[in-house]
Number of protein chains: 2
Amino acid sequence: MGKRKAAEPDISIAKCGYRLLLEIIGSKWAVLAIYAMEGGDVRYGEFLRRIEGISKKMLTQTLWQLERDGLLERDIHDTVPPGVEYRLTPLGRSLLVPLRHMKSWAIDHYPLVRKARDAFDQRADLVAGGETEGQS
Amino acid sequence: MGKRKAAEPDISIAKCGYRLLLEIIGSKWAVLAIYAMEGGDVRYGEFLRRIEGISKKMLTQTLWQLERDGLLERDIHDTVPPGVEYRLTPLGRSLLVPLRHMKSWAIDHYPLVRKARDAFDQRADLVAGGETEGQS
DNA sequence: CGGTATCCGCTTGGATACTG
DNA sequence: CAGTATCCAAGCGGATACCG
């Protein structure tokens, strides 16, 4: 008795691996920025064009965080006009491995998720429609 | 010429696998809620106690989204007092596999990240200290 | 080109109180 | 116990303008 409690994942703030993970790539754009660099060096403006919906502010912030955590490095060429290339460090590249598993899961299972979501919404609609049914 | 462009990851909104992924588990608490159910059924209040920092509002919202996407199911016992158990569906469980790879990565590499971060911050401090150096 | 700085709206999300 | 509802503050994040 009370024995089964021992198997419960520890989720408390400092210990849990997922807390660490989220601290590193939990921000909205981090994964997409990393992904953008999978194929090689990327310039600032290139990120901006390829990551649809991101703003300069968010991009700068995201790149700064990733650099701070040692996942990417900046390569500044002092040419005119100035050019800066971002690239994944070995540490950053190592993250691509589990990340690709996640991506595969998403692609493989998204149809099922969509199906569940549509069914759920349909049921919700029925309920919403039903509660004023006498109204016609 | 222009050939290397072909290898670049497509990040645009509808297509990219990471967009799908983030749509499903991109919210702040989703991963932790899923993780909480790894060991079996979890009650509402149990989530609240085990996921440090989450509020009722966010918990309810997170659980609702995960249920909508078919990752978890609710089991309502109409006893007094009422009891509701949440558990991962097979779809939800399938997500645990890549998720565990991510967790392992985080645990294995967090020390390196910390090291990079500390070094980065130290450099930033030096710069901040240096720029007013003539002031004493 | 590759950012930084400022302004500011508006969503996110916490606290509290209430219900079945 | 398991939520829902309301209120409200903070900060996320977009738009714009400017700089090296």
Side-chain angles (χ1 to χ4, degrees), chain A residues 5 11-13 19 22-33 36-37 40-68 72-87 120 123-124 127-128 131, chain B residues 11-13 19 22-33 36-37 40-68 72-87 120 123-124 127-128 131-132:
Chain A
K5 291 281 173 192
I11 268 178
S12 57
I13 194 130
R19 295 279 186 174
L22 292 170
E23 186 186 313
I24 300 169
I25 54 158
S27 76
K28 193 176 177 184
W29 302 100
V31 168
L32 293 175
M37 290 178 287
D41 295 16
V42 179
R43 307 266 298 268
Y44 187 85
E46 217 176 327
F47 278 115
L48 229 41
R49 265 172 275 115
R50 287 172 51 200
I51 306 179
E52 193 178 320
I54 200 171
S55 67
K56 282 182 160 199
K57 185 176 173 181
M58 282 300 96
L59 176 59
T60 300
Q61 192 174 112
T62 301
L63 293 175
W64 185 85
Q65 283 168 353
L66 294 176
E67 186 186 3
R68 182 166 105 106
L72 67 78
E73 58 189 4
R74 290 170 23 136
D75 197 355
I76 306 169
H77 313 273
D78 50 336
T79 53
V80 180
V84 179
E85 310 229 67
Y86 292 85
R87 97 173 45 87
F120 188 93
R123 263 174 280 141
V127 172
E131 72 194 4
Chain B
I11 268 177
S12 58
I13 194 130
R19 294 278 187 174
L22 292 171
E23 188 186 312
I24 300 169
I25 53 157
S27 76
K28 193 175 177 185
W29 303 100
V31 168
L32 294 175
M37 290 178 286
D41 295 17
V42 179
R43 307 268 299 268
Y44 188 84
E46 217 177 328
F47 278 114
L48 231 40
R49 263 172 276 116
R50 287 171 52 201
I51 307 179
E52 194 178 319
I54 200 171
S55 66
K56 283 181 160 199
K57 186 175 173 180
M58 282 300 97
L59 177 59
T60 300
Q61 191 175 113
T62 302
L63 292 176
W64 185 85
Q65 283 169 351
L66 294 176
E67 186 186 3
R68 183 167 104 107
L72 67 77
E73 57 188 6
R74 292 168 23 136
D75 198 355
I76 305 169
H77 313 272
D78 50 338
T79 52
V80 179
V84 179
E85 310 229 65
Y86 292 84
R87 97 173 43 89
F120 188 93
R123 262 175 282 141
V127 172
E131 71 195 3
T132 53

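Lettering follows sequence order; numbering is per chain, from 1. All values below were derived from every heavy atom in this structure, side-chain atoms included, with hydrogens, water molecules and symmetry-related copies excluded.
Taking 4.5 Å as the limit, every side-chain heavy atom of A:Lys28 sits out of range of all side-chain heavy atoms of B:Leu22. For the pair A:His77/A:Pro82, no side-chain contact is recorded, criterion being any heavy-atom separation below 4.5 Å from C-beta on. Using a 4.5 Å cut-off on side-chain heavy atoms (C-beta onward), A:Ile24 and A:Gln65 make no contact. In this structure, the side chains of A:Trp29 and A:Ile51 come closer than 4.5 Å at one or more pairs of heavy atoms.
Think of the region where chain B sits on DNA chain C: with heavy atoms and a 4.0 Å cut, that region ends 5' and 3' at C:dG13 to C:dG20.
If one axis is set at each end of the helix from C:dC1-D:dG20 to C:dG20-D:dC1 from five pairs, those axes are 50° apart, to 10°.
Ion pair A:Arg43/A:Glu85 not flagged as a salt bridge, since none of the NZ, NE, NH1 or NH2 atoms sits closer than 4.0 Å to an Asp/Glu carboxylate oxygen. Between A:Arg19 and A:Glu23 there is no salt bridge, since no side-chain N of the basic residue sits under 4.0 Å from a carboxylate O of the acidic one.
Annotation: the span from A:Glu67 atom CD to A:Thr62 atom OG1 amounts to 13.0 Å, rounded to 0.5 Å. Distance check, rounded to the nearest 0.5 Å: CD1 of A:Ile54 to CZ of A:Phe47 gives 8.5 Å. Of the inter-residue distances, the one linking B:Gln61 atom CD with B:Ser27 atom OG reads 7.5 Å to the nearest 0.5 angstrom. Distance check, rounded to the nearest 0.5 Å: CZ of A:Arg87 to CG of A:Asp75 gives 4.5 Å.
Between B:Tyr86 and D:dG3, a side-chain N or O to OP1/OP2 separation shorter than 4.0 Å is present. For D:dA2, the OP1/OP2 oxygens have a side-chain nitrogen or oxygen of B:Arg43 closer than 4.0 Å.
Legend: residues meeting side chain to side chain contact (heavy atoms under 4.5 Å, CB included) with A:Thr60, ordered by chain and number and at least two apart, are A:Tyr44. Listed by chain and number, the residues in a side chain to side chain contact (heavy atoms under 4.5 Å, CB included) with B:Val84 are B:Arg74, B:Ile76, B:Tyr86 (sequence neighbours excluded).
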For nucleotides 12-16 of chain D, print each protein N/O atom paired with a nucleotide N/O atom at under 3.5 Å, atom names and distance only.
from: D:dG13; atom 1: N7; to: A:Lys57; atom 2: NZ; distance (Å): 2.6
from: D:dG13; atom 1: O6; to: A:Lys57; atom 2: NZ; distance (Å): 3.2
from: D:dG14; atom 1: OP2; to: A:Ser55; atom 2: OG; distance (Å): 2.6
from: D:dG14; atom 1: O6; to: A:Lys57; atom 2: NZ; distance (Å): 2.6

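Annotation: proximity of residues 73-82 of chain B to DNA chain C (heavy atom, distance under 4.0 Å) is found for B:Pro82, numbered in ascending order.
One atom, CG of B:Leu48, and another, C1' of D:dT4, lie 14 Å apart when rounded to the nearest Å.
When all heavy atoms of B:Val42 and B:Ala36 are compared, the closest pair comes out as CG2-O, 3.3 Å.
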